[in-house]
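Working notes for the structure below.
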Number of protein chains: 2
Amino acid sequence: MIQSPVWRSPITASDRVLAEIQQAIVAGEIPAGSKISEPELARRFAVSRAPLREALARLERCHLIERTPNAGARVVTLSTAGLRSLYEIREELEGLACRLAAEHMADEEIADMRRLLDQHLQEQRVREGESYYQEAGDLDFHYRIIFGSKNQYLINILCDELYYLMRMYRVQLGMNGPRVSRAFDEHKAIIQAIANRDGELADLLMRRHVSASRHHIEIQLQQMGK
Amino acid sequence: MIQSPVWRSPITASDRVLAEIQQAIVAGEIPAGSKISEPELARRFAVSRAPLREALARLERCHLIERTPNAGARVVTLSTAGLRSLYEIREELEGLACRLAAEHMADEEIADMRRLLDQHLQEQRVREGESYYQEAGDLDFHYRIIFGSKNQYLINILCDELYYLMRMYRVQLGMNGPRVSRAFDEHKAIIQAIANRDGELADLLMRRHVSASRHHIEIQLQQMGK
DNA sequence: ACTTAGCAGATTGTCGACAATTATAATTTA
DNA sequence: TAAATTATAATTGTCGACAATCTGCTAAGT
């Protein structure tokens with residue numbers, strides 16, 4: 001399991017509840033569009049409303065719920081428009097991350113990333129199509145590049161604010177399936193560009209990579225919706 | 001005064017306190033880098049710690065404070081690295097906003113924006129160098145384009161999460177001064193590109209516009225720092 | 001003299017209860 | 001019968017107090 005980049009030791013009740021609700025929403029256990037009842041959730045997770053509200057504030061921050069004053073909170077509803085908006089930003093920012101990573105990543109980090117990618121590739125060949133490892137590997141790849149950008153705000157936006165929502169789309173729309181081997185090739189090409197300190201190329205390749213992923217999801221979404 | 005785009009009627013004590021603390025931090029009344037004392041602020045604004053903590057959560061969201069569990073919150077410290085990180089993202093996302101605006105803005109909205117720009121230009125010529133109107137006009141321009149993108153997350157990131165921090169840099173580094181008339185010309189060119197539905201050009205022009213602004217600030221920062 | 005252990009003070013995290021607002025349902029009226 | 005209105009119930013926002021944790025200082029030990 002890959003954990004949140006900004007790690008505030010998860011000892012507080014608020015952190016624990018946040019993690020549990022995040023998972024529940026992403027997994028659809030708390031349905032999209034449903035209303036959030038503070039007393040109910042407080043009972044369910046055995047905490048007072050104070051840490052629960054703290055958790056809700058952070059859930060709003062990563063766009064998993066929407067709150068209106070004096071009226072409560074609702075889990076976000078998934079839509080094709082929302083998905084497109086999300087990917088529009090992701091494409092742009094992950095491209096930027098690549099450009100910055102090509103500039104700021106240490107050689108050591110790049111070598112590490114290469115080693116890890118090969119390792120994931122081997123695991124992948126063994127467990128063909130096992131979606132968990134695939135996703136974990138993919139995530140690790142993207143995370144490392146984003147962190148390699150050394151841009152605090154970029155890291156925060158992509159890994160804290162948009163990540164869980166993307167995960168929610170993937171999980172609830174059943175985005176397992178193939179597009180694995182090609183993704184691996186694309187990953188390798190991107191790393192190569194970063195290793196060559198070719199930020200522009202890495203940017204371009206990453207945009208295409210994300211764009212392909214988006215296309216893949218949109219098609220799957222169309223087949224589903226109608 | 002231009003108010004936050006997502007307007008949650010500011011009746012709650014939390015909203016009121018949030019607005020006051022935001023202003024105090026941006027203006028430097030609560031110094032950058034200083035520690036936040038919950039009891040002290042609660043007394044100062046005559047509220048309990050509950051709404052104050054709600055406000056602190058939102059201040060963390062717009063990067064004006066940094067919290068560590070069980071250790072309290074500090075006002076962020078300004079740095080050239082932070083400023084650069086901020087502008088790297090702003091450049092990218094405002095460029096994206098232009099591209100999307102060229103695609104999604106209604107003719108009516110574009111016409112409105114043009115009218116408003118001319119009006120601001122007149123006001124500008126009358127009150128030569130009056131920084132408030134200048135900034136208000138500049139802000140209005142950028143806001144309209146960002147909203148024109150019709151991308152919820154983009155709007156949220158730029159107008160809610162990064163705006164106040166940029167404002168803090170501008171205010172505390174004393175970014176008044178000229179670069180006015182040229183900025184107006186750049187604004188006109190960007191609007192023209194959007195009116196022509198030329199997203200790529202609008203993107204390019206906006207990136208240059210933001211980049212020029214960043215350059216301008218960095219120079220002023222260098223002259224100051226040493 | 002410097003490091004380390006322990007203690008006092010203050011601060012943050014959490015709790016339960018109350019007040020203000022909103023949503024729901026029953027009731028009345030056109 | 002349908003719309004408007006009032007009353008009730010539930011939910012959210014806020015408060016003050018208690019418990020857990022951290023910070024800074026004192027004091028003992030090497």
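All values below were derived from every heavy atom in this structure, side-chain atoms included, with hydrogens, water molecules and symmetry-related copies excluded. A note on names: the letters A, B, ... follow the listed sequences, proteins ahead of strands, and every chain is numbered from 1.
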(request) Please identify each residue that fulfils side chain to side chain donor-acceptor pair (under 3.5 Å) with A:Arg44, with sequence neighbours left out. (result)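 Expected list: A:Glu29.
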(request) State, with a plain yes or no, whether a side-chain heavy atom of A:Val75 is found less than 4.5 Å away from one of A:Met168. (result) yes
(request) Kindly compute the distance separating NE2 (B:His187) from CG (B:Asp140), expressed to the nearest 0.5 Å. (result) 10.5 Å
Using whole Å, report how far [atom1] of [X] lies from [atom2] of [N].
| X | N | atom1 | atom2 | answer |
| --- | --- | --- | --- | --- |
| A:Leu18 | C:dG13 | CG | P | 14 Å |
| B:Glu40 | C:dT11 | CD | C1' | 12 Å |
| A:Arg16 | C:dT14 | CZ | C1' | 12 Å |
| A:Leu56 | D:dG13 | CG | C1' | 13 Å |
| B:Leu41 | C:dT12 | CG | P | 10 Å |
| B:Asp15 | C:dT21 | CG | C1' | 14 Å |
| A:Phe45 | C:dT14 | CZ | C1' | 17 Å |
| B:Lys35 | D:dG24 | NZ | P | 9 Å |

(message) Classify B:Leu52 by what it touches in the nucleic acid, base, sugar-phosphate, or nothing, heavy-atom distance under 4.0 Å.
(response) nothing
Contact list (N/O, under 3.5 angstrom) for nucleotides 15-21 of chain D vs protein:
| unit_1 | atom_1 | unit_2 | atom_2 | d |
| --- | --- | --- | --- | --- |
| D:dC15 | OP2 | B:Ser48 | N | 2.7 |

(request) Show your working on side-chain contact (heavy atoms from CB on, under 4.5 Å) between A:Glu38 and A:Leu56 and close with a plain yes or no. (result) CA-CA 9 Å; A:Glu38 289 186 8; A:Leu56 290 184; 3.9 Å; yes
(request) Just say parallel, tilted or perpendicular for the rings of B:Phe141 and B:His209, cut-offs at 30° and 60°. (result)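 Because their plane-to-plane angle is over 60°, the rings of B:Phe141 and B:His209 count as perpendicular.
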(request) Give the C-alpha distance, both sets of side-chain angles, the deciding distance and a yes or no for side-chain contact (heavy atoms from CB on, under 4.5 Å) between B:Glu88 and A:Leu154. (result) CA-CA 9 Å; B:Glu88 281 171 349; A:Leu154 187 58; over 6 Å; no
